[in-house]
Structures are given as C-alpha cells and as structure tokens.
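Have a look at the structure below before the remarks.
Because only heavy atoms are used, hydrogens play no part in the values below, and waters and symmetry mates are left out as well, while side chains stay in. Worth saying up front: this structure is predicted, and the values here are computed from it rather than measured.
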Amino acid sequence: AQQPLLPNPNTRPAVAEISLEDDLSQRADAQFVAGDIAGGIATRMVLEATLSGPARSANRDALWRTLNALPANSNFTPVTEPVARGWVELMLLVKNGAPLVSFESWRKRYPDHPGESQIAAGLITPSTQLGRPIALLLPINGPLAAAAKAIKAGAEAAQSRAGKDAAALITHDTSIALDAALAAATAQGAAAAIGPLRKEDVTALAGLTPLLPLITLNYLDAGRNAPAGLTPFGLAPEDEARAAADHAADNKRLRAVILAQEGDWGQRAAGAFKAQLEARGGSVLMQDSFKANAVDFTAQLKRVLGISYSEARGKQLAAAGIKAELQPVPRGDIDVVFLAARSAQAKLIWPQMRYLRAGRIATYAPAAAGDAGNQDLGNLLVCDAPWLIDAGSATTALRSELAAVNPRTPDAQRLFALGYDAYQLARRASAAALLPGETLPGLTGTLVLEADGAVHRRLGCAPIAAPRSDGLLDDATE
C-alpha cells in the first residue's frame, strides 16, 4: 500500500500577512481591554505617525470612541505623557458636561492637539438639564426676514413633531443687535441656540467664546476654525457640488468640463466639484465662467465643449456647389458637465446646450439651478435636499403631513428643511452624543459632523422631469 506523505519538516504552514496598521490597531484594542489605557493611547499615537489624510482621522476617531466607552471607574493616573493626557482630559470634560470656557482652557493647555477635531462633537452631548428651551437667533426684520420666517417654520414643525417633552423654542431678533439677542437667550436659560443666519454674524461669533452651544445657519470661511461650542451648519453649494461629483464618479463619468458663474458662489461650487471628482479619480478637461447678468452663453459653451464647425470642409463643399448645414460637434471625450449656475442662468444655458447638441452629455447643477422648473430644465441633473427631490414613501408622507406649513417656493422649502434639521441637531444637546463621521438622516440631506467641526450634507442627485406634449412629465433622458 502507498505510504501517506509525511509533512516536510523544513516547511511551515502559511501565515496570513497582517499590515502594520492592522497590527497596531489590534494591539491598541487589546491594551485597552487589559486596562492598559496609557499603553493603548501610546500605540494609537505610534500608528498615527504612519498615517495621513482620512486614515489618520479614522485612527483619531477610533481612539476617541474607545476612550468614551471606558468604564467610569477607569484609572487614568498612569496616563502622564502630555498628548495622551490631553486626550484623557478632553474626554473627561465631555463626560462631565463641562462649560465651554473649560474647553477653551484645554485648547490653551494643549495647543495643536490631535483631539481638537473632537471638541465640536463633544459639545453635542447629553444635558443634565432637560426641558430648557432652544433659542432661535434670526433676523426677524430686514432683507432676510422671509428666509428667517421659513427657517422658523421648519424649526417649529420639528418641535411640534418631537412630542410633549420636546424643548420649547424662544425667538430673538438679530437684525438689530446680535450680542443682545445672544445675551437674552443665555439669560433665559437656553440649552442651545440655532443661528445666527448671516455669514457676517457667524464670523463675528467665531472670535468669541460662546456661553451655550450654537448650531449656526451658515459656515465660516474655508480654513477658519470655529471656537468650542460653535457648530456651523447650512445650505452650502459645496455640498451639492461634491454630491454631483460623487454621483458622476459612481456612474463612471470621470472626464468633466465646468461652466461656472463668476463670483464667490460659483467659484466655490466649481472648486468643490473639481476637488471631489479628482479625489475619485476623475479629471477636469476644461473650465470657463460667465457673468451673472449674461443672457447669451454661446461663446463660453463653444469653448468649454470644444465645439468646432469644420469651416475648411464647409468651404470646400460650397466651392463644389454642395449646400451643407454645418452642425456643432462637442468634443467626444466629455463624460459630464458641471454647471455652477442659479436658475436665472440655468434656464438659458441648458436650452443652448441642447441646441449645440450637448444635451445628451450628463449635466449636473446645484440645487439653486433647478428652481426655474421643468419647462426649461427637463433632464438636467440637480443635487438637492431630500425634502425637495426624494420620492420615498416616508418623505412623501411627511411632506403631506406638513403641507400646511411648508412654504410654496423651492428656495423657501430648503430653508424650512434647514430649520427642521437645525432643531434636531440642537435637540441632540439634550439627547445623545454625535461623533465625527456619524450620520443622521435629515430633510436637507444625510447630516455628517466632519473633522472640521462643521455639519455637512450628503445628497442625492435626480433629473428634473421633462414635460411631454400631453402635459405629463417624462423622466426619459433626451
């Protein structure tokens, strides 16, 4: 009989290789489980030195979650290394519900600490004083009064649906004096505040130490750090532009051209689209701009689309006595067009694109572009708040329930949704902690507290239904 094969004593069973990142991460988890808090933090810090970008942020978030999950009777005395001690002190401030001034003192003791990005999340924590009101800091009078009215209606709708234990709303007018409105809200014992709305007011508050958590309704300039207690939130076109880039990349549309309105709004949207598409492996082939008061965009469209009219060939045909109608031909390597335009320009640009035979190229635009309606913008892809474009049963039912208070115009409806979501975020100050990277469903989008301490929106994109000759709407692509 054949003898069974014996194992070769010079060979060893294959062992799956483990990356350095996984090895250090598992080692840190094991140290925390064993009660070696100082060792676990130290290992996470060693791992951080090998990482960059999103991976580094994820490592910090993992350390933060681990620290917050430690038992209340944990022994932190052995944690003496300055950076590690900074992590522990920050976690204790959050768990103990420390006042905002304590977070500012922590910042001074630990400048440029890696835990800085967790401060905004730490301030949205369970409150020990349930039942305190939430203040609305809005410009009730003046040019932003209509916007304030829509935001207030949204916040009141959220409050009415939150049940009998929901925090009451108190409103203070910021159109005269922001500091007086904030002082009044503080004196009335507000647990948190929603607002202000004007960017200038948000910028002014960024230089102060708020006495209560603020969910602002606008963002700070890029690169500007918010103080402890100030969490920016709003309807930034950058979120819509990034959503367009993600949707395009998900559909393998990676070669883009951009046509953007001149000025801050258009350039911010264009920059966000470009950065996100490139991060997803795409590229921008051409970019052009137009003035906000323009009505004819033919020159810009021909440039950005690379259209040529083969004039030499046309002359040859004419010389031979052959009549030929020259047709515009967009360059053939364009997968996607991003149109950073508002509705007044979009309703003129989109028909001109179709005339130039570019209507079959997937074209995306921010939410504001779609407000002109389907008559002029059919099949244009718009990235907007779920409150306006989500056809799901839950959103449809909520729209029906709130129909009496939901404004009529799309712009006002977005502000209504902003107020609704802002109330939900402020209410988290007396409900549960929100960690960076955690997502919350909202009417303005899926809300994410990111590393910059601001709440951003993740959005979907949908085509505007094109009208048919029978008066119905057709979703078919041109």
Side-chain angles (χ1 to χ4, degrees), residues 132-176 178 181-182 184-185 188 190-199 201-202 213-219 231-236 239-240 343 367-368 370-371 384-390 392 394-431 440-447 455 457 459:
R132 293 166 59 191
I134 292 173
L136 284 173
L137 306 178
L138 295 171
I140 302 302
N141 298 292
L144 293 177
K149 181 179 178 181
I151 292 170
K152 182 181 178 184
E156 290 173 342
Q159 194 269 345
S160 69
R161 298 188 73 253
K164 62 180 182 179
D165 295 328
L169 285 167
I170 52 176
T171 304
H172 294 282
D173 188 2
T174 62
S175 58
I176 300 175
L178 172 63
L182 186 57
Q188 288 181 282
I194 297 169
L197 174 60
R198 293 196 325 143
K199 188 178 183 70
D201 288 341
V202 177
L214 294 169
I215 308 295
T216 69
L217 299 170
N218 216 319
Y219 292 95
T231 304
F233 174 50
L235 300 175
D239 290 338
E240 297 155 12
S343 60
D371 292 352
D384 205 345
W387 188 236
L388 279 81
I389 66 173
D390 184 14
T395 305
T396 301
L398 184 57
R399 277 196 293 261
S400 177
E401 177 186 338
L402 299 178
V405 293
N406 190 27
R408 294 184 179 273
T409 66
D411 188 50
Q413 288 172 7
R414 291 185 196 98
L415 292 167
F416 176 90
L418 177 66
Y420 192 101
D421 286 353
Y423 179 84
Q424 302 287 40
L425 286 171
R427 195 163 174 247
R428 284 294 288 264
S430 58
L440 296 172
L443 301 190
T444 60
T446 299
L447 310 182
V455 173
R457 301 174 297 141
L459 303 164

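- Considering every non-hydrogen atom in both P196 and D201, the closest pair reads CG-CB, 3.5 Å.
- Looking at heavy atoms from C-beta onward, L136 lies out of side-chain contact with Y423 at the 4.5 angstrom threshold.
- Side-chain contact between L235 and L415 is present, with heavy atoms from C-beta onward closer than 4.5 Å.
- At a threshold of 4.5 Å between non-hydrogen side-chain atoms, the residues P232 and V202 do not count as touching.
- With rounding to the nearest 0.5 angstrom, the CG atom of L197 is 11.5 Å from the OG atom of S175.
- The backbone N or O of L443 lies less than 3.5 Å from a partner atom in the side chain of D421, making a donor-acceptor pair.
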Could you check N218 against R198 for side-chain contact (heavy atoms from CB on, under 4.5 Å), going step by step and ending with a plain yes or no?
-> CA-CA 7 Å; N218 216 319; R198 293 196 325 143; over 6 Å; no
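- Nearest approach of A167 to R132, heavy atoms of both residues: CB-O, 3.4 Å.
- Annotation: side chain of T171 is in contact with side chain of I140 (closest heavy-atom distance under 4.5 Å).
- The shortest non-hydrogen separation linking P386 to T395 is O-CG2, 3.7 Å.
- Distance alone, capped at 3.5 Å, is enough to place a donor-acceptor pair between the Y219 side chain and the V455 backbone.
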Give every donor-acceptor pair under 3.5 Å between a side-chain atom in residues 141-157 and any protein atom, sequence neighbours left out.
{"residue": "N141", "atom": "ND2", "partner": "D173", "partner atom": "OD2", "Å": "2.8"}

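- Here the side chains of I194 and I134 are in contact, with some heavy-atom distance below 4.5 Å.
- At least one donor-acceptor pair under 3.5 Å links the side chain of R457 to the backbone N or O of T444.
- Panel note: side chain R414, backbone A367; a donor-acceptor pair is recorded below 3.5 Å.
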Go through the steps for R161 and L398 under the test side-chain contact (heavy atoms from CB on, under 4.5 Å), then give the verdict.
-> CA-CA 10 Å; R161 298 188 73 253; L398 184 57; 3.4 Å; yes
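- Rounded to the nearest 0.5 Å, atoms CG (L425) and CG (L440) are 6.5 Å apart.
- P133 and I170 get closest at one heavy-atom pair: CG-CD1, 4.1 Å.
- For the atom pair CG of L402 and OH of Y420, the computed distance is 6.5 Å after rounding to the nearest 0.5 Å.
- Counting heavy atoms from C-beta outward, Q413 and N406 have side chains that approach closer than 4.5 Å.
- Two residues are said to be in side-chain contact when any heavy atoms from C-beta on lie closer than 4.5 Å; D371 and T409 fail this criterion.
- One finds the NZ atom of K199 at 9.5 Å from the OG1 atom of T216 (value rounded to the nearest 0.5 Å).
- At least one side-chain heavy atom of L182 sits less than 4.5 Å from a side-chain heavy atom of L214.
- Of all heavy-atom pairs spanning Q159 and A166, the tightest one is O-CB, 3.7 Å.
- Of the inter-residue distances, the one linking I389 atom CD1 with D384 atom CG reads 5.5 Å to the nearest 0.5 angstrom.
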